[in-house]
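In what follows, a structure is listed as C-alpha cells, so that the remarks can point back to it.
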Number of protein chains: 2
Amino acid sequence: MNNEHDRLTIQQVADTTGLSVHTLRYYERIGLIHPIGRAENTHRRYSLEDIGWINFLNKLRATGMSIQEMQVYAGLQRLGDETLPERLEMLKRLRHTVEERIAELQENLKIVNYKIDLYQKIVSEQTPPIAVP
Amino acid sequence: MNNEHDRLTIQQVADTTGLSVHTLRYYERIGLIHPIGRAENTHRRYSLEDIGWINFLNKLRATGMSIQEMQVYAGLQRLGDETLPERLEMLKRLRHTVEERIAELQENLKIVNYKIDLYQKIVSEQTPPIAVP
DNA sequence: CTACAACTTAGAGTATGCTCTAAGTCAAGC
DNA sequence: GCTTGACTTAGAGCATACTCTAAGTTGTAG
C-alpha cells in the first residue's frame, strides 16, 4: 500500500504541511498524530495517509479548534468507526462555533468600516486634493 | 461634562464591559487605557468616554488585533488628531486581515461541512430509522 | 470601635501552543 | 577514519494575554 516513495521524512512533511519539525514531533507526543512508523534507523517515515490527517488537523486548527478538542477528536478517530456519531457531533458543534465566529467578525468589520469612513472624511477635509485659496 | 453619575467604579465598568477588574487594571498598566481619574480615596472613577474607549478596545480584540497593535493604536490616539491618517491606515489594514480571516473561516467551514455530510451518510446507513429484516 | 466590602499596588503565577536546546545516533561522502 | 547533516530524545524556555495573590488603605454600617 505504501511504497518507498510514499514514505516521507519529517523534514519533507514539515515542508509540505507547513508545520515545523518541532511541531510535528510535539503533535505526535501529545497524541494528535498516532505514533509514526520508523525506518530501520529509528527515523520517522510518514505515509500519505499521515499527511492527509495532518492536513486535516491544520484545517481544524484554522477554524480555531483548541489542541485539547483536537486531542479528543484524534482519540475518537483512533477508536474506529463506532465513534463516528461522536465525531459527527463534534463537527456539527464546530460548524456552529465557526458560523458564530464569522458572524461576530462581520459585525466587528462593520464597526471598523464605520470608523474608517469617519476618519476618511476628517482626513480628506483636512487635506483637500488641491488647496483652494 | 461628567457629573457624579457618569463616574463609575472599576467593578461597575467590569460589569458593563465584560472585562474583569484585573484586566481593566492590566490594560491601564500597559497603556491601552489612559490613566483613569481617581476619587478622593485613590479609587478609579471611569467616565462615559472611558467606557466608550474600552468598548472599542473590545471590538478591536474581537477582530483578533493583538495587544501590541492595540498599544500602538492607543498611543497614536493619545497623540491627537494629527495621527488620524496613521490610525486610518491601521484600520484599513485591520479590515483587510479581518476580511481574509473571514474568507479563511468560510473555506474551512466548507471542509467541515463536507466531512459532516460524509459522516452523516455513513451513520444513517449504519442505523436506519426502522430496521428492515 | 470594629467588621466588612471595595478598592489599591507590585509582582508572581497560569494556560495555551508552540519552539528551542543539549546530547546523542547514524549513514554517506571525502 | 572523520566530518557533515539529518535525524532522535527528554526536557527547558518562550510569547501572549491574562489572572491571581498578598499586603495594605479607606469609607460605611452596625
Side-chain angles (χ1 to χ4, degrees), chain A residues 4 7-47 50-51 54-75 94 97 101 108, chain B residues 4 7-47 50-51 54-75 94 97 101 108:
Chain A
E4 190 54 32
R7 303 187 64 75
L8 308 179
T9 67
I10 196 167
Q11 186 57 61
Q12 288 172 320
V13 175
D15 291 344
T16 63
T17 64
L19 294 177
S20 72
V21 294
H22 295 297
T23 303
L24 284 168
R25 285 192 283 247
Y26 165 66
Y27 276 13
E28 187 176 336
R29 190 162 15 130
I30 66 174
L32 278 189
I33 302 172
H34 70 93
I36 294 294
R38 304 303 176 110
E40 325 68 46
N41 58 6
T42 75
H43 290 194
R44 288 172 180 80
R45 288 292 181 272
Y46 292 77
S47 72
D50 296 334
I51 310 295
I54 292 165
N55 282 333
F56 180 60
L57 286 181
N58 264 336
K59 305 295 183 197
L60 291 183
R61 277 300 288 140
T63 66
M65 187 184 268
S66 71
I67 295 287
Q68 221 179 72
E69 265 188 297
M70 284 167 49
Q71 285 174 313
V72 173
Y73 192 95
L94 177 63
T97 62
R101 181 89 188 98
N108 291 132
Chain B
E4 191 55 30
R7 305 188 62 77
L8 308 179
T9 68
I10 196 167
Q11 187 56 62
Q12 289 171 321
V13 175
D15 291 344
T16 63
T17 64
L19 294 177
S20 72
V21 295
H22 294 297
T23 303
L24 284 168
R25 284 192 282 249
Y26 166 66
Y27 275 13
E28 186 175 337
R29 191 159 18 126
I30 66 173
L32 277 188
I33 301 172
H34 70 91
I36 294 293
R38 303 304 178 108
E40 325 68 45
N41 57 4
T42 75
H43 290 195
R44 288 172 179 79
R45 286 293 179 273
Y46 292 78
S47 72
D50 295 335
I51 311 295
I54 292 164
N55 282 333
F56 181 60
L57 287 182
N58 265 336
K59 304 296 181 197
L60 291 183
R61 277 302 288 139
T63 65
M65 188 185 269
S66 72
I67 295 286
Q68 220 180 70
E69 265 189 295
M70 283 167 49
Q71 285 174 312
V72 172
Y73 192 96
L94 178 62
T97 62
R101 182 86 188 101
N108 291 131

Would you mind reading off the bend of the helix from C/dC1-D/dG30 to C/dC30-D/dG1 from its two end axes, five pairs each, to 10 degrees? 20°
Do you know the tightest heavy-atom contact between [X] and [Y]?
| X | Y | answer |
| --- | --- | --- |
| A/R101 | B/A62 | NH2-O, 3.2 Å |
| A/L57 | A/L32 | CD1-O, 3.7 Å |
| A/L94 | A/T97 | O-OG1, 2.9 Å |

Might you work through the side chain to side chain contact (heavy atoms under 4.5 Å, CB included) test for A/I10 and A/R25, ending with a clear yes or no? CA-CA 9 Å; A/I10 196 167; A/R25 285 192 283 247; 3.5 Å; yes
Rounded distance (Å) that lies between atom [atom2] of [N] and atom [atom1] of [X]:
| X | N | atom1 | atom2 | value |
| --- | --- | --- | --- | --- |
| B/R45 | C/dA6 | CZ | C1' | 9 Å |
| B/E40 | D/dT28 | CD | P | 9 Å |
| B/Q12 | C/dA6 | CD | C1' | 11 Å |
| A/I67 | C/dT19 | CD1 | P | 11 Å |
| B/N41 | C/dA6 | CG | C1' | 9 Å |
| B/R7 | C/dC7 | CZ | P | 15 Å |

I want to check one thing: is the phosphate of C/dC7, taken as OP1 and OP2, less than 4.0 Å away from some side-chain N or O of B/R44? no
For D/dT25, does OP1 or OP2 lie under 4.0 Å from any side-chain N or O of B/R38? no
Where along residues 55-66 of chain A does a heavy atom come under 4.0 Å from DNA chain D, residue by residue in number order? none
B/H43 vs B/Q68, nearer the 5' end of DNA chain D by closest nucleotide: B/Q68
For DNA chain C, determine which residues of residues 22-31 of chain B have any heavy atom closer than 4.0 angstrom to one of its atoms, and list them numerically. B/R25, B/R29
Would you check if A/Q71 and A/I30 make a side-chain contact, meaning some heavy-atom pair closer than 4.5 Å? yes
When you compare the side chain of A/R45 with that of A/T9, does any pair of heavy atoms fall below 4.5 Å? yes
Nearest to side-chain heavy atoms of B/T9, which nucleotide of C/dC7, D/dC7, D/dT9: C/dC7
What's the spacing between A/Y27 OH and A/I54 CD1 if we round to 0.5 Å? 10.0 Å
Evaluation steps, side chain to side chain contact (heavy atoms under 4.5 Å, CB included), between B/N58 and B/T17: CA-CA 8 Å; B/N58 265 336; B/T17 64; 4.2 Å; yes
So, does A/D15 use its side chain to make a donor-acceptor pair with the main chain of A/Q12 at under 3.5 Å? no
Quick one, B/R61 with B/I67, criterion side chain to side chain contact (heavy atoms under 4.5 Å, CB included). Give me CA distance, side-chain angles, the key distance, then yes/no. CA-CA 8 Å; B/R61 277 302 288 139; B/I67 295 286; 4.1 Å; yes
Go through it in stages, so that I can follow the logic: the residues are B/D50 and B/H34, the test is side chain to side chain contact (heavy atoms under 4.5 Å, CB included), and I'd like the CA-CA distance, side-chain angles, deciding distance and then a yes or no. CA-CA 9 Å; B/D50 295 335; B/H34 70 91; 2.8 Å; yes
